[in-house]
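Within every chain, numbering begins at 1; the chains are lettered A, B, ... in the order of the sequence lines, protein sequences first and strands thereafter.
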2 protein chains.
Amino acid sequence: MIETRDRILDAAERLFAERGYAATSLRSIMAEAGVNVAAIHYHFHSKESLLEAILLRRLDPANRERLSALEDYEASVVDGRLEVDRILEAFLYPTFRMAADPASGGYTFIALLGRLQAESDLLPNIVFSRLGPVLLRFADALGRALPDLPPSELFLRARLAMGAAAQVLRDAPHIHSLTQNGAGNGSLPHWESLMERIIPFLSAGFRVPHHGGAELGFLPEITQFQPAALPLQENR
Amino acid sequence: MIETRDRILDAAERLFAERGYAATSLRSIMAEAGVNVAAIHYHFHSKESLLEAILLRRLDPANRERLSALEDYEASVVDGRLEVDRILEAFLYPTFRMAADPASGGYTFIALLGRLQAESDLLPNIVFSRLGPVLLRFADALGRALPDLPPSELFLRARLAMGAAAQVLRDAPHIHSLTQNGAGNGSLPHWESLMERIIPFLSAGFRVPHHGGAELGFLPEITQFQPAALPLQENR
DNA sequence: GTCTATAACTTGATAGAC
DNA sequence: GTCTATCAAGTTATAGAC
């Protein structure tokens, strides 16, 4: 039998992805999971901790996969010339595979991540503490593949690429269902052929020569992959 | 003196952009605008209508600018060969100018749009009814500039491009403040030089040759620019 | 048009029985 | 570990005085 704790995690993951964090009440999660409200508080203490638990459950496994895929590729390169396409693939492959995963609710998680990424003030520090180092590791590989690109330009392009990928990944449940229905390009499942259409788009952008232009003040926070602080009138 | 109605719109626009729609209460808007709760209901009937009013106030002017920029460019082309870069510029120029606008709170609106785009279920029909036709118009121009690209591929790339741009535009207040502080590439203000770094990235992606691959079932809803429906267990 | 007052309800969280 | 019962606070929305 499935544990109560896991049922809560699954239900919350789904509802947060579908409706957003703030718009989802603990009571709707309770109804979806078929448990009592108090059970949520017993297992997770607070709503925010619940979100943290959801993220922790899936973040590290995916990141391990990303890093090992990158290391495998780097080890396979003999002449030291890294290709942008393969670096992007090492990052996106685990992501898209998860987005199409028929067994686990991984596709729900990917949709949730796509959402939270746009609600950056909501993204707990966990995501940045866990994903940040991985992003820096990939940025380093991209920098070696594109030695003529100044760091500020590299990070701007990385940001653009993440936004582009997130836009499609917000549709993870759709990707999932198409894959389930056998859509795809003959030999490849749908999610994989979708990924192989996205990578050339991003790679071409990364490989555009950099036309002079000043180094801008845009750099500092971007090189950290920190959430953007909105310099508005008041905070919270 | 500034009208109460406008003060409410300004305050709500700012807070929705900063904290998200669901997380912002009418009372916090009331406090920010310095008006009474009842005044909000008097002028806007409901919270959702308030969001609609915010969107309507700025959506149409920006779209008019986008369309006229595109028409001006098309009229200036004599050999009938449209360039992707210029089409993208016609769309992005009004957007980025608004994102940096020192006078109005346009940059707040752009940040809000970037957020809502990720909370697609929240985006009222208004956005799709007003922005949809404009997007189709630009997709048509892109299709003429890239005649070898199948529509499904064109729309996928358009979606990637919008996600990439939105990712950067979510930082609109930051772009705004940098421009205010005189950052930029010598002759150009910061926001304009930023836009000119983004367009080549996107354009290169659009111009990548399309390698075979099957036409996928991904097409139908994407060609409509409809919000993605999440095929989860229950709805609302 | 703007206010006070309040209705009617939902929220996250907890205490205590079992 | 899971329940019932309940809390205090916050939510949108409205009725009616000015």
**OP:** Begin with the C-alpha distance, continue with both residues' side-chain angles, and end with the deciding distance and a verdict on side chain to side chain contact (heavy atoms under 4.5 Å, CB included) for A:Glu192 and A:Phe96.
**Re:** CA-CA 7 Å; A:Glu192 207 161 333; A:Phe96 273 84; over 6 Å; no
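Toward the 5' end of DNA chain C, the nearer of the two residues A:His45 and B:Gly34, judged by each one's closest nucleotide, is B:Gly34.
Rounded to a whole Å, the CG atom of A:Leu26 is 17 Å from the P atom of D:dG10. Summarising the geometry, the separation between NZ on A:Lys47 and P on C:dT10 is reported as 15 Å, rounded to the nearest angstrom. Whole-Å rounding puts the A:Tyr42 OH to C:dC18 C1' distance at 14 Å. One interatomic measurement links the two molecules: CG of B:Leu50 to C1' of D:dT11, which rounds to 15 Å at whole-angstrom precision. As rounded to whole Å, 15 Å separates atom P of D:dA13 from atom CE of B:Met30. For the pair B:Ile8 CD1 and D:dA13 P, the interatomic distance rounds to 14 Å; values are reported in whole Å. Per the geometry, CD belonging to A:Glu3 stands 8 Å off P belonging to D:dG1, to the nearest Å. For the pair A:Phe44 CZ and D:dT2 C1', the computed distance is 14 Å after rounding to whole Å.
Using bins of under 30°, 30° to 60° and over 60° for the plane-to-plane angle, the ring pair B:Tyr107/B:His176 lands in the parallel bin.
At a threshold of 4.0 angstrom between heavy atoms, the contacts of A:Ser49 with the nucleic acid are absent.
Note on B:Ser25: every side-chain N or O is 4.0 Å or more away from OP1 and OP2 of D:dG10. In this model, the phosphate group of C:dA13 is approached by a side-chain N or O of A:His41 to a distance below 4.0 Å at OP1 or OP2. Within the 4.0 Å cut-off from OP1 or OP2 of D:dT12, not a single side-chain nitrogen or oxygen of B:Ser46 is found.
Distances were taken from every side-chain heavy atom of A:Val35 (C-beta onward) to each of C:dG12, D:dT2, D:dC3; the shortest belongs to D:dC3.
With hydrogens and angles ignored, the 3.5 Å screen pairs a side-chain donor or acceptor of A:Asn181 with a backbone N or O of A:Ser177. B:Arg115 contributes a side-chain N or O that, together with a main-chain N or O of B:Ala17, makes up a donor-acceptor pair within less than 3.5 Å.
Figure legend: B:Lys47 and B:Phe16 shown without cation-pi pairing, the cationic atom not lying both under 6.0 angstrom from the six-membered ring centre and within 45 degrees of its axis. Cation-pi check for A:Arg157 over A:Phe206 is not met; the charged atom does not lie both under 6.0 angstrom from the ring centroid and within 45 degrees of its normal.
Remark: of the listed residues B:Arg197, B:Met195, B:Glu196, B:Met195 is the sole one forming a side-chain contact (heavy atoms from CB on, under 4.5 Å) with B:Ile199.
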Report, one pair per line, the protein and nucleotides 4-8 of chain C atoms (nitrogen or oxygen only) whose separation is under 3.5 Å.
residue	atom	partner	partner atom	Å
C:dT4	OP2	B:Asn36	ND2	2.9

